[in-house]
Amino acid sequence: MNLQGRDFLTLLDYSPKEIEYLLQLAAELKAKKKAGIAHDVLRGKNVALIFEKTSTRTRCSFEVAAHDLGMGSTYLDPTGSQIGKKESIADTAQVLSGMFEGIEYRGYGQEIVQQLAQYAAVPVWNGLTNEYHPTQILADFLTIQEHFGHLQGLKFVYMGDARYNMGNSLMIGCAKMGLDFVACAPKAYHPAPALVQTCRELAAQSGGSVTLTEDTDAVAGADVVYTDVWVSMGEPTQVWVERIDALAAYQVNAALMQKAKPTAIFMHCLPAYHDHNTAVGKEMGEKFHRDAMEVTDEVFNGAQSVVFQEAENRMHTIKAVMAATLGAQFK
Ligand code: CP
Ligand code: NVA
């Protein structure tokens with residue numbers, strides 16, 4: 001498998017075999033890290049990390065992974081770059097290509113990361129856009145594989161706003177890898193018909209399926225129950241009221257988990273509003289008289305939750321993406 005020179009913008013661009021390869025490489029790199037075996041085979045290289053939105057996991061994953069691979073990294077924060085404001089995406093891509101071997105971009109429209117990739121002479125990695133979050137899916141799938149030993153045939157239920165980056169990317173990933181994907185949300189929060197159609201065609205080849213429903217009983221028999229925040233980065237705070245109104249019935253709580261298989265796991269890309277221990281969680285929780293938003297604290301911190309293993313796997317999988325696309329050769 002040779003992925004050298006490839007961009008990583010959406011899982012739509014990667015075949016099931018290539019995704020499988022990245023997951024395998026991530027597992028190997030994780031084992032090396034745990035065993036204390038150095039794997040800094042990309043010494044002398046450097047990567048640029050552009051963040052137009054904030055981050056904890058993705059930024060730390062790229063920085064630690066780059067360091068473990070022997071690379072230097074430069075972080076450009078949401079206020080610290082000229083990108084799009086005083087300098088075009090095309091010019092930025094060409095400037096950075098002269099100094100770095102790879103570029104990560106987190107920001108708004110998918111067209112921005114696509115344009116960056118078009119003009120950059122080096123691999124570009126999508127660290128989250130409004131539409132997609134492909135590196136997150138690799139971490140989620142590595143976690144599922146570690147837990148169940150396989151992906152194929154598992155029932156994966158996504159609760160909540162399925163129109164955005166997480167719903168879209170999980171649907172694509174599940175369709176490619178043969179999982180039975182269910183988006184459970186009010187109709188207005190279902191993914192766009194064109195992407196659903198594409199994913200149904202992919203699922204027909206992989207043995208998976210794509211189901212959209214408003215009925216929370218669809219959680220019956222689930223192996224994985226997944227949710228994401230109801231209000232994403234970059235959205236105005238005014239949308240909280242309509243989201244709570246529409247999505248409260250789709251909260252992941254103990255009663256909902258009871259409907260899934262007893263062996264089911266709970267997943268969340270994080271950050272999560274499961275209590276009042278965050279500024280936004282407290283403000284919105286008090287305003288709308290709620291202890292939690294998309295997931296209760298009981299489920300989040302419960303025995304079925306794998307959210308912190310999932311968060312750690314961001315680093316191992318992002319390392320695999322950089323290593324593969326930069327042509328790293330491990331002994
Ligand atoms: N899951 C995720 O992307 O987290 P960050 O926003 O902290 O990077
Ligand atoms: N949908 C969330 C995902 C965060 C990882 C957001 O875009 O803010």
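Computed from a predicted structure; not experimentally measured. All residue numbers refer to positions in the sequence shown, counting from 1. Note that these values count all heavy atoms, side chains included, but never hydrogens, waters or copies made by symmetry. Read the numbers this way: they start at 1 and go in the same order the structure lists the ligands and their atoms.
Cation-pi check for Arg6 over Tyr14 is met; the charged atom lies under 6.0 angstrom from the ring centroid and within 45 degrees of its normal. In this structure, Arg59 is not positioned above the aromatic face of Phe51 in the sense of NZ or CZ being under 6.0 Å from the six-membered ring centre and within 45° of the axis.
Between Phe141 and Phe156, the ring-plane angle classifies as perpendicular under the 30° and 60° cut-offs.
Shortest non-hydrogen contact noted between Gln329 and Val41 is O-CG1, 3.6 Å.
Between Met315 and the choices Lys30, Arg57, Lys33, the side chain to side chain contact (heavy atoms under 4.5 Å, CB included) rule is met once, by Lys33.
Residue contacts with ligand 1 include Arg106, since one of its heavy atoms falls under 4.0 Å from the ligand.
Residue-ligand proximity, Leu270 to ligand 2, at heavy-atom distances under 4.0 Å covers atoms 5 (C). Of all the atoms in ligand 1, the ones that sit under 4.0 Å from a non-hydrogen atom of His133 are 2 (C), 3 (O).
Among the atoms of Thr58, some N or O lies under 3.5 angstrom from an N or O of ligand 1. For ligand 1, the polar-atom distance check against Met233 finds no nitrogen or oxygen pair separated by under 3.5 Å. Inclusion of Asp228 in the set of residues having an N or O under 3.5 Å from an N or O of ligand 2 is warranted. Remark: ligand 2 and Arg106 share no N or O pair separated by less than 3.5 Å (distance only, no angle test).
Atom 7 (O) of ligand 2 has as its closest protein heavy atom Asn165 ND2, 2.8 Å. The nearest protein atom to atom 8 (O) of ligand 2, hydrogens excluded, is given as Met233 N, 2.9 Å; this is a heavy-atom distance. Shortest contact from atom 4 (C) of ligand 2 to any protein heavy atom: Leu128 CD1, 3.9 Å. Looking from atom 4 (O) of ligand 1 to the surrounding protein, the closest heavy atom is Arg57 NE, 2.8 Å. For atom 2 (C) of ligand 1, the closest non-hydrogen atom of the protein is Arg314 NH1, 3.2 Å. For atom 7 (O) of ligand 1, the closest non-hydrogen atom of the protein is Thr56 N, 2.7 Å.
Note on residues 234-264: pairs passing ring pair (Phe, Tyr, Trp, His ring centres under 6.0 Å), not counting sequence neighbours, are Trp240-Tyr273.
Between Lys282 and Glu286 a salt bridge is recorded (basic side-chain N to carboxylate O distance below 4.0 Å).
Contacts between Leu270 and ligand 1 below 4.0 angstrom, taking non-hydrogen atoms only, involve the backbone exclusively.
When the ring-ring contact (aromatic ring centres under 6.0 Å, His included) test is applied to Tyr21, no partner is found at least two apart in sequence or on another chain.
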Exercise. Could you check Gln309 against Thr143 for side-chain hydrogen bond (donor to acceptor under 3.5 Å, both in side chains), going step by step and ending with a plain yes or no?
Key: CA-CA 7 Å; Gln309 178 187 349; Thr143 310; 5.2 Å; no

